[in-house]
Amino acid sequence: MVRYYSTRGAVTEGVPFSEALLTGLAPDGGLFVPDRIPELPRALPVEDFPALAHGVLLPWVDASFPDAVLADVLQDALNFPVPLVPLSGAGWEGVYVLELFHGPTLSFKDVGARTMARLMGHLVRQRGEELTILVATSGDTGSAVADGFAGQEGIRVVLLYPAGKVSPLQELQLTVRRPGVETYAVAGTFDDCQRMVKGAFVHPDLQGMRLSSANSINIGRLLPQMLYYIQAGLQQDAPPVFVVPSGNLGNLTGGVLAWLGGLPVRYFVAAHNANDFFPRYLQGEDVHPGPSRRTFSNAMDVGAPSNFERLVHLLGPVRLRAHVRGYSVSDADTLTRMRRLYEETGYLADPHTAVGLEVVRRMREEGEQHVPIVVLSTAHPAKFPEIVARALSEVTPEAEALERLKTRPRDAKPLEASTEALVQVLRSSEARLQM
Ligand SMILES: *Cc1c(COP(=O)(O)O)cnc(C)c1O
């Protein structure tokens, strides 16, 4: 059974999966990493994603998740397709797009968030406990996490977003009424929301309450992100190059774990927007994480990637630089790539995926002939209508899941931007009853 210890060394004994899952961050502020990497099982059912997931994840969890429970969790969480779409058109031979956006909130985060939520839900019910998940969001993550946890008995989600500072579509996704989820429109910025959440975690009046953050560093979100690399990789005759549109590097870390478990991979490419800390690090520059810059691929606007520490711990700097290449792509090049790709192949990519596809063009120009190349597609283009319109005025991407949202009841309450106001909310059972 895998045990989890901290990247910063304080958890020398290691903790079982359940504890790493419920606490999220290690007590010394480090990230949980496995004490060993289980080898991938030999025969995995490539056509049956939940069954493949079960085979892969079984050695990573502990005795709180018997075989049948884990199978149910994964069957329920991974209930949408993850198609591998070949591009056709001059210059795109051997390039595949791995579409990870067919879940309920149309981003790859559904894979990790839904799985984590069901794993946590099982633990909470088994232990007869109650858990409150606090999420501060600037857009994408919040809806995936809220949707993932919705309806999980014993779990209450309190979601904060900066009022007026998310796009209309993001606001729609954040504010649809979901069972067990309370959404607050905070009169402040995203940083205020984050400060309030951090304040609540250490607030003396909430010490009896079990709080968790379920953010992207949680091992329960990370491990499921191995699965689609494995499914896609096992369908190929040759080890693929994986190109990963990246921000916090959680998606990439999932791929690296799959590779360390034995999946044949030629190498990985971290495709970043103007937030180029990681590509510069990989080039050997002496860089430091800094503030983020705003771009068209805003779910990747990360100046200090949270999983960097974990990646360096898993591979060490030398292996990391040998197996991962990095590129940075401007907004202008992202838009051009969206338009050209559509003209050349008929494929409409969202701005995040387009960063990855632009990187493929550059690799080809630099002489990289390897096939296959698999580009992870992290979001549906219909989530970013304003940016698609800038690139291609003649196309309007649509997604049925978004259309359906427009007819659902919405529910968000205003909240003052202070920790005290959040503490009030958390302490009131009334808020819970209103759901
Ligand atoms: C979160 C996100 C990313 C970045 O993933 P990381 O795991 O943070 O590197 C890329 N694209 C989309 C659409 C996302 O939502």
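We number each residue from 1, following the sequence as shown. Order of appearance sets the numbers: ligands from 1, and atoms from 1 within every ligand. It should be emphasised that the depicted structure is a prediction, and the values quoted were computed from it without experimental measurement.
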Q.
Under 3.5 Å, is there a donor on one side chain and an acceptor on the other for Tyr4 and Asp62?
A. no

Q) Do any nitrogen or oxygen atoms of His352 lie less than 3.5 angstrom from nitrogen or oxygen atoms of ligand 1? A) no

Q. Short list, please: which atoms of ligand 1 are under 4.0 Å from a heavy atom of Gly250?
A. 6 (P), 7 (O), 9 (O)

Q) Which is it for Gln225 and ligand 1 at heavy atoms under 4.0 Å: side chain, backbone, both or neither? A) neither

Q) Under 4.0 Å from any heavy atom of Ala379, which atoms of ligand 1 are there? A) 13 (C)

Q. Are side-chain N/O atoms of Asn273 and Thr295 paired as donor and acceptor at under 3.5 Å?
A. yes

Q: If you have a sec, work out which protein heavy atom is nearest atom 7 (O) of ligand 1 and how many Å separate them, to one decimal?
A: Asn251 N, 2.9 Å

Q: Could you tell me which atoms of ligand 1, counted from 1 in the order shown, lie closer than 4.0 angstrom to a heavy atom of Lys109?
A: 1 (C), 2 (C), 3 (C), 14 (C), 15 (O)

Q | Within 45° cone and under 6.0 Å: Arg266 NZ/CZ vs Trp259 ring | A | no

Q.
If the cut-off is 4.0 Å to any non-hydrogen atom of Phe108, which atoms of ligand 1 fall inside it?
A. 1 (C), 2 (C), 3 (C), 5 (O), 7 (O), 14 (C)

**Q.** Salt-bridge contact Glu366-Arg362 (side-chain N to carboxylate O under 4.0 Å)
**A.** no

Q) Can you check whether Gly247 has an N/O within less than 3.5 Å of an N/O in ligand 1? A) yes

Q: Could you list the residues that satisfy side chain to side chain contact (heavy atoms under 4.5 Å, CB included) with Asp72, not counting sequence neighbours?
A: none

Q | Under 3.5 Å: N/O of Asn248 near N/O of ligand 1 | A | yes

Q. If you measure from each non-hydrogen atom of Thr378 to ligand 1, which part falls under 4.0 Å: side chain, backbone, both or neither?
A. both

Q: Apply side-chain hydrogen bond (donor to acceptor under 3.5 Å, both in side chains) to Asn218 and Arg221, showing your working.
A: CA-CA 6 Å; Asn218 192 298; Arg221 264 177 75 178; over 6 Å; no

Which donor-acceptor pairs under 3.5 Å do side chains of residues 93-102 form with protein atoms, sequence neighbours excluded?
residue	atom	partner	partner atom	Å
Glu93	OE1	Gly91	N	3.3
Glu99	OE1	His102	NE2	2.7
Glu99	OE2	Tyr347	OH	2.6

Q: Answer yes or no: does an N/O atom from Leu249 fall short of 3.5 Å to an N/O atom of ligand 1?
A: yes

(Q) Any carboxylate oxygen within less than 4.0 angstrom of a Lys/Arg side-chain nitrogen, looking at Arg8 and Asp28? (A) no

